2 protein chains.
Amino acid sequence: MNAYTTARIALPPQPTHPNRQVGFGSAPVQPLSFFAAGSEIYAQGEKAGAFYQIEFGAVRIYRLLADGRRQISAFHLAGETFGFEADTTHHFFAEAINATAVRTFRVAAGVDMSRQLLPLALKGLSRAQEHLLVLGCQNAIERVAAFLIDMADRQGGLRQVELPMSRMDIGDYLGLTIETVSRVFTKLKEKGVIRLVNLRCVEIVRQDALRDMSE
Amino acid sequence: MNAYTTARIALPPQPTHPNRQVGFGSAPVQPLSFFAAGSEIYAQGEKAGAFYQIEFGAVRIYRLLADGRRQISAFHLAGETFGFEADTTHHFFAEAINATAVRTFRVAAGVDMSRQLLPLALKGLSRAQEHLLVLGCQNAIERVAAFLIDMADRQGGLRQVELPMSRMDIGDYLGLTIETVSRVFTKLKEKGVIRLVNLRCVEIVRQDALRDMSE
DNA sequence: CGTATCATTGAAACGTGTCAAGAATAGTGG
DNA sequence: CCACTATTCTTGACACGTTTCAATGATACG
């Protein structure tokens, strides 16, 4: 058992269904599936064959190395889509970060979804490549800055940015330790670039400065 | 002018055409285009709208940061396909590493290529995500080991692996400096895991050991 | 209110980067 | 074909950034 599988519940709309078969099979209506914070949406090695759109909440997509190191390849927020694979098998884990609802779209055998999936795949590819640039070239400050800018943009460019994930998640996404992430937040705060409204909410005080830092 | 744009020629089959319009427009036949070592196939910001299959040679796909740092997001070898984008614009540079010939497939306006492109996009996504794991979690030795294993697998799993790219290219791909790449090669050599046949050719002496290292 | 979890901060260790020199390789012209 | 030159690669010493380890502080939960 590891820290990522804790599943606590206390949710918005409906009671949560840890059972992730909810909504599968009944093709036309695509009902919602609910996931508690930390619960698994799918696992590496499982059979793929559906994609998921987030109604509310947030999801982390990750892989594990044999020794437990974790790389989060993407976060997905409300409105975004994830879960399609090159293979018929999932190569990643998907977990709800918070209380999350997803709409599941099963791909029926024999039905060609290329037209719908290609833009999603290309979007994912584009994001992954952007992330490669960050991990391959940038130092801790630049990585955190890029992350905050990205989160802000995806939340409509508001000054207040919600961070649904923990420092550990951010670290595993950016290839840094939680201590380094924490130190960078402190440094950005000291420079007056951001303000920590609370642990999970950042106010971007000087967006220009942050953008400069992110490259 | 930078080191990456040197274009020297002395080629296999036909005379090289530095003009990369060769083969475009003439839809049905898809003739070959030739590129000298270091020459550009397309640039960031250019209009996209085609994809390319490598007949022979090797290609690097990369982005640049404002200060000149370069992230190579992928290498492509003979038989592989690259060049499609989420957007109508290229977000990357593509350069021939060596003397290279590519077959260009123009996507005519209004024609739906989703069915053909989706598997390619998913393959690219899968590769990018694998690479993310390497850059996000692994140290220098693990990165180089993973790189060599990948190159070996893509060349049919032979003991002798050709490395068409320079140490600088490898470094920019793995998020390391050329010095670190060089030191890791030396260390792997000392451990008897690889043998440097010459600068651009590695013999994998103990594949098991290398695979262990790559994770 | 007490306890577990998560985040911050500090000091020291480690790995990789930087800078500089020398060796090997490839390309050029006699 | 050989020597000359430019480029690329290797190696070493040192600097720097990030990680590790450990302790303290803040926050969420029962």
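Quick caveat: nothing in here was measured; it's all calculated off a predicted structure. Lettering follows sequence order; numbering is per chain, from 1.
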Lys/Arg N to Asp/Glu carboxylate O, B:K123 vs A:D87, below 4.0 Å: no
For nucleotides 14-16 of chain C, list the nitrogen or oxygen atoms of the protein found under 3.5 Å from its nitrogen or oxygen atoms, one pair per line.
unit_1 : atom_1 : unit_2 : atom_2 : d
C:dT16 : OP1    : B:A140 : N      : 2.8

To the nearest angstrom, the CG-P distance between A:D67 and D:dT20 comes to 11 Å
Any side-chain to backbone donor/acceptor pair from B:D67 onto B:R69? Under 3.5 Å, distance only. yes
To the nearest Å, how far apart are A:L199 CG and C:dC6 P? 12 Å
Rounded distance (Å) that lies between atom C1' of C:dT8 and atom CZ of A:R167: 9 Å
Strictly distance-based, threshold 3.5 Å: is any side-chain N or O of B:S39 a donor or acceptor partner for the main-chain N or O of B:A37? no
In whole Å, what is the span from the CE atom of A:M165 to the C1' atom of C:dC6? 16 Å
CE of A:M168 versus P of D:dA28: gap in Å, rounded? 19 Å
Sorted by chain and number, sequence neighbours left out, salt bridge (charged side-chain N to carboxylate O under 4.0 Å, His left out) with B:R63 holds for A:E130
Does any residue of residues 181-198 of chain A have a heavy atom under 4.0 Å from DNA chain D, and if so, which ones, in number order? A:R183
Inter-residue atom distance B:I61.CD1 - B:Q71.CD, 0.5 Å rounding: 12.5 Å
Could you tell me whether B:Y173 and B:F75 have their ring centroids closer than 6.0 angstrom? yes
Donor-acceptor check, side chain of B:N198 to backbone of B:R200, threshold 3.5 angstrom: yes or no? yes
Does a salt bridge link B:E203 with B:K189, judged by any charged N lying under 4.0 Å from a carboxylate O? no
A:E179: which residues meet the salt bridge (charged side-chain N to carboxylate O under 4.0 Å, His left out) condition with it, sequence neighbours left out? none
Between C:dG17 atom P and B:R69 atom CZ, what is the distance in whole Å? 13 Å
Go through the N and O atoms of the side chain of B:E179 and the base of C:dC19, and report whether any donor-acceptor pair is under 3.5 Å. yes
Whether B:D212 and B:R206 form a salt bridge (side-chain N of Lys/Arg under 4.0 Å from carboxylate O of Asp/Glu) is what I want to check. no
Is B:R200 touching bases, backbone alone, or none of the nucleic acid, heavy atoms closer than 4.0 Å? sugar-phosphate
Polar-atom pairs under 3.5 Å, protein N or O versus N or O of nucleotides 21-23 of chain C: list them with distances, or write none.
none

Distance check needed: C:dT5 P versus A:D169 CG, whole Å only. 16 Å
Gap between atoms CZ and P, on B:R143 and C:dG17 respectively (whole Å): 8 Å
Any residue meeting salt bridge (charged side-chain N to carboxylate O under 4.0 Å, His left out) with B:E162, in chain and number order, not counting sequence neighbours: none
